Every structure is written in structure tokens, then in C-alpha cells.
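What follows is a single structure, written as C-alpha cells, with notes after it.
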Amino acid sequence: MDLVPMFLYCLPLLCLFYNLWKIFDKRRHQNCYILDYECYKPSDDRKLNTRFCGEVIRRNKQLGLHEYKFLLKAIVSSGIGEDTYGPKMVTEGREMSPTLDDAIIEMDDFFIDTIDKLFKKTGISPSEVDVLVVNISMLAAMPSLSSRIIYHYKMREDIKVYNLTGMGCSASPIAINIVQNIFKTQRNVQALVVTSESLSLGWYTGKDRSMILANCLFRSGGCAILLTNKVALKEKAMFKLKCLVRTHHGAKDESYGCCIQKEDDQGFVGIHLGKNLPKAATRAFIENLKEIAPKILPVRELLRFILLTLIRKMTQKSTKTGAASRPVINFKTGVDHFCLHTGGKAVIDAVAQNLNLSEHDIEPARMTLHRFGNTSASSIWYVLAYMQAKKRLKKGDKVFMISFGAGFKCNSCLWEVMRDLDQDGNVWKEFINSYPPKTITNPFLEKYGWIQEEDPDTFCIPDDYVIP
């Protein structure tokens with residue numbers, strides 16, 4: 001008889017433990033892990049070295065001496081090296097008349113090479129993929145590019161598919177966010193994220209300076225990422241997503257129009273990069289940092305920053321002067337590695353200045369820009385691969401990813417390294433030992449610096465001129 005009251009007494013505790021276990025078990029299955037990723041390395045015949053870039057510029061009959069001087073200055077200061085890759089139609093001399101097939105083949109080459117390698121590395125078959133997210137901003141085909149992947153790999157009929165376009169360079173965190181939200185509602189899911197950019201139909205052949213600048217920065221590349229929330233695969237995972245924040249300033253006039261696809265006065269289509277882009281990017285970046293900082297930094301650093309801010313305000317009021325310097329929050333107290341979008345040398349320098357980063361911190365971004373250029377939404381994965389190839393990533397480290405994109409958007413996320421990572425044969429394996437080089441100075445000035453001395457009234461490049 002004594003067991004009955006004891007049971008009744010313990011029943012509420014059992015219910016409490018059961019509910020706590022359900023909450024714990026649910027959260028375990030909501031985690032977002034990266035099992036592996038594979039960055040794309042195009043064939044060497046698609047390299048855009050200094051000599052070939054000069055030939056591409058010469059082929060554009062819309063350009064004159066003023067445009068040559070502008071391009072020389074832009075390329076020299078871009079931070080891009082000799083070994084970046086372009087689309088085949090450019091290397092084959094057909095940039096003035098690209099076709100839809102050019103764009104489709106460009107994507108197919110990337111899809112097959114990269115996804116094949118990823119499946120081989122992980123041992124996971126296409127039939128085991130439950131979710132597919134593809135983001136290619138500049139190409140909307142029908143059937144969709146995601147459908148081409150499903151068709152090629154004969155994926156399951158019940159696969160959940162998302163095809164993103166127009167998201168720009170910040171599309172990778174958006175794709176990850178989609179997967180993250182699915183993981184919160186479904187257990188034991190495996191997702192494939194494919195991110196790249198199609199340059200074939202986006203190559204600008206006019207002379208508008210704000211649009212031809214994109215040709216100097218954007219290069220071919222891409223990445224495929226395999227993610228899961230399976231608890232059984234936790235030990236095999238490379239990274240665990242800690243948090244993700246998206247900021248969109250599309251409602252502001254200058255933010256919306258600072259990076260936009262349009263036609264120039266002559267009808268040539270390209271990407272306009274406005275002079276107000278740095279200002280728009282800074283605003284979005286600051287707003288994003290305000291939201292993500294409390295989520296990734298220790299309480300002591302947040303309290304220190306708040307205290308110094310209050311002291312500064314009190315000092316300004318008492319002395320009636322604005323000379324006191326603003327306190328700077330130290331992101332290194334909660335972050336070990338910074339994975340920055342390679343939007344250009346100026347972008348990397350601006351982020352480094354705002355976050356007070358050292359040359360060591362931004363070396364992966366600088367070297368990625370130099371070796372692969374701005375590969376749009378996939379660029380942050382090349383930066384991550386550089387860190388891995390340099391054996392910087394150790395278990396427990398925190399990696400902060402920051403990306404910018406048209407709209408204007410700033411998206412960021414924090415990853416935790418789940419195990420010590422070695423080179424693992426990634427995209428940098430063949431040349432990682434030569435990085436960083438002694439100098440990343442672009443040889444354009446040495447080859448084409450003579451253009452600066454030319455007279456606009458007499459300047460002329462003969463049709464049979466041979467690029468040195």
C-alpha cells in the first residue's frame with residue numbers, strides 16, 4: 001500500500017523529467033552540422049592572366065584611352081592575381097555574343113565536378129539527400145538549375161528543392177538559413193547546398209565605368225556543401241552552426257540601387273556598382289554586428305564595451321568636447337577566425353579596420369582574392385578552405401563568416417569547429433605551400449603602365465597590335 005502514495009508523489013517528477021528529456025532530445029536533432037564541402041577549381045585553360053586580360057580589354061571596341069586608364073587603375077588596386085578563372089566564352093573570344101548554352105555548360109561543368117567529388121569524399125549517395133538548395137544569382141533557367149542536378153544524379157522524387165536567384169554575393173548564408181529552418185522541424189535530414197555564379201551572360205561589354213568594374217573583380221568558382229542534423233553523424237562533422245543573422249536594407253534608396261543589374265545607355269547589360277556602395281555596405285555591416293555581437297561574444301566583453309561607452313558619454317558631457325575616441329568592441333574575445341567575403345581589396349580593408357583585425361586575421365581573405373578573385377557567394381568557402389589547408393582550424397575554434405550582397409544585404413554566421421581539420425585534399429592542396437607569396441602586386445602596371453603617358457588626341461591601338 002505504501003507504493004501507491006510513493007508513485008503518486010513521484011509522478012510529477014517523472015513527468016517533469018520526461019518533458020525535459022523531450023526538449024533536450026528535440027534540440028539535439030535541430031543542430032546544423034557541415035559534414036564536408038568542396039570548392040570548384042576550373043581547368044587551367046580558363047585562367048585570366050595579365051596578358052590575356054589585356055587581350056580581352058583590347059577586343060572591346062567600345063573602350064578608349066580614358067577607359068583603359070580607369071581599368072588599369074582598377075585592376076592594379078583590385079588585389080587579384082594571375083591565376084583567377086573566367087568563363088569559357090571569354091577564353092574562347094566570344095564574350096561579345098554569349099549564348100544560353102554557354103551559361104548552362106558553365107554551370108554543368110561546376111555541378112558535375114564539384115558534387116561528384118563531394119559525394120566521393122563523404123561516401124553519401126545522391127539518393128540519401130533529402131534537401132537541395134541551389135543559389136545562382138545571374139541565371140534563371142527552365143527547368144531550374146536545381147532540376148538539372150536532380151536529373152543528372154537521379155535523386156529521389158520526395159526531395160525538397162529550393163532554387164535561389166538574385167541573392168548576390170551574400171547568398172550562401174541565406175541557403176544555410178533555409179537548411180537550418182528545415183532542420184528545426186524535421187529529424188535525420190541531409191541537405192546539399194550548391195552555390196556559384198554564372199558569368200557567361202553577365203559579362204559586360206560596354207564602356208560604363210561603374211559597370212565594367214565588375215569584369216575586373218568577378219571570377220568563376222563555386223562550392224557544394226553537405227549538411228545534416230543527424231546526431232549519429234555528429235562525430236564525422238567538420239562544423240556546427242552556432243548562430244546566423246541576416247540584415248537587409250532594400251527599403252533604402254541608396255542601398256537598393258548601389259549594386260544592381262541594368263542596361264547602360266547603349267543597351268549593354270551589366271552590374272552597376274555605385275559610388276555609394278561602400279556607405280551602404282558599412283550601414284548594413286554595422287546593423288548586422290549590433291544584432292550578432294550579443295550572440296557570439298562573452299558577457300564580460302559586452303559589459304566592458306557598455307561601461308566604456310557610458311564613461312565616454314559622461315566625459316563628453318562634463319568636458320563639453322567630442323574629442324574622446326569611441327570604444328571598440330573586441331570580436332576576438334569570441335571569435336578565433338574571420339572568414340571575410342572577398343568583394344575586393346577595399347572591402348577586406350574596411351572590414352579589417354572596423355573589427356580591428358591583424359594581417360594574420362585577414363590573410364585568408366587576401367590570398368583567396370589574389371588566387372581566385374571574387375567568386376560571389378562561394379568566396380567565403382574558399383577562404384574557409386585556405387584556413388583548413390593552413391591547418392589553422394582546431395577543435396572548439398569559432399569561425400565568423402561575413403558576406404555582402406546586392407539588395408543591399410549583410411549576412412553573417414558563426415561556426416564551431418568540431419574536430420581538428422587538416423588539409424584533406426581541398427582546392428588549395430596543389431599550391432598552399434606557395435602562399436602567402438612574397439608580393440601580391442599585380443603586374444598590370446609593369447606591362448601596361450605606358451598607357452598613362454599616352455595623349456588622348458593621338459592614341460590608337462592598331463587592330464594587329466600584339467599584346468606583350
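Model, not experiment: these values are computed from the prediction.
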Verify, without hydrogens or angle tests, whether Asn215 (side chain) and Tyr204 (backbone) share a donor-acceptor contact under 3.5 angstrom.
yes

With under 30° as parallel and over 60° as perpendicular, where do the rings of Tyr153 and Phe119 fit, or are they tilted in between?
perpendicular

Between Asp113 and Lys117 (salt bridge meaning N to carboxylate O under 4.0 Å), is one present in this structure?
yes

In terms of side-chain geometry, is the basic nitrogen of Asp130 or Arg156 positioned less than 4.0 Å from the acidic oxygen of its partner?
yes

In terms of side-chain geometry, is the basic nitrogen of Lys47 or Asp83 positioned less than 4.0 Å from the acidic oxygen of its partner?
yes

Electrostatic pair Glu254:Lys252 at N-O distance under 4.0 angstrom
no

For a ring pair (Phe, Tyr, Trp, His ring centres under 6.0 Å) check, start with the C-alpha distance between Phe404 and Phe285, then their side-chain angles and the critical distance, and finish with the verdict.
CA-CA 8 Å; Phe404 302 93; Phe285 183 44; 5.7 Å; yes

Basic-acidic side-chain contact under 4.0 Å: Glu416, Lys240
no

Charged N to carboxylate O below 4.0 Å: is that the case for Asp36 and Lys121?
yes

Ion pair present between Arg58 and Glu55, side-chain N to carboxylate O less than 4.0 angstrom?
yes

Between atom OG1 of Thr84 and atom CG of Leu48, what is the distance when rounded to the nearest 0.5 Å?
5.0 Å

Does the pair Asp361/Lys332 count as a salt bridge with the N-to-O cut at 4.0 Å?
yes

Is it true that the NZ or CZ of Lys398 lies under 6.0 Å from the centre of Phe400's six-membered ring and within 45 degrees of the ring axis?
no

Does the ring center of Trp428 lie less than 6.0 Å from the ring center of Tyr435?
yes

Expected output: side-chain Thr228 to main-chain Val189 donor-acceptor under 3.5 Å:
yes

Could you tell me whether Arg419 and Asp422 have a side-chain N and a carboxylate O separated by less than 4.0 Å?
no

Determine yes or no for a side-chain-to-main-chain donor-acceptor pair under 3.5 angstrom, with Glu95 supplying the side chain and Thr205 the backbone.
no

Answer yes when Lys207 and Asp264 have at least one side-chain N-carboxylate O distance shorter than 4.0 Å, and no when they do not.
no

Ignoring hydrogens and geometry, is there a side-chain-to-backbone donor-acceptor pair from Glu67 to Gly64 under 3.5 Å?
yes

Between Glu38 (side chain only) and Thr114 (backbone N and O only), is there a donor and an acceptor less than 3.5 Å apart?
no

Does the Asn288 side chain pair with the main chain of Val245, one donor and one acceptor, at a distance under 3.5 Å?
yes

Sort out for me which residue in Tyr386, Tyr40, Tyr382 forms a ring pair (Phe, Tyr, Trp, His ring centres under 6.0 Å) with Phe372.
Tyr382

Assess whether a salt bridge exists between Asp108 and Arg148, defined as any Lys/Arg side-chain N lying under 4.0 Å from an Asp/Glu carboxylate O.
yes

State whether Arg366 and Glu359 are salt-bridged, where the test is any N-O pair (Lys NZ or Arg NE/NH1/NH2 against Asp/Glu carboxylate O) under 4.0 Å.
yes

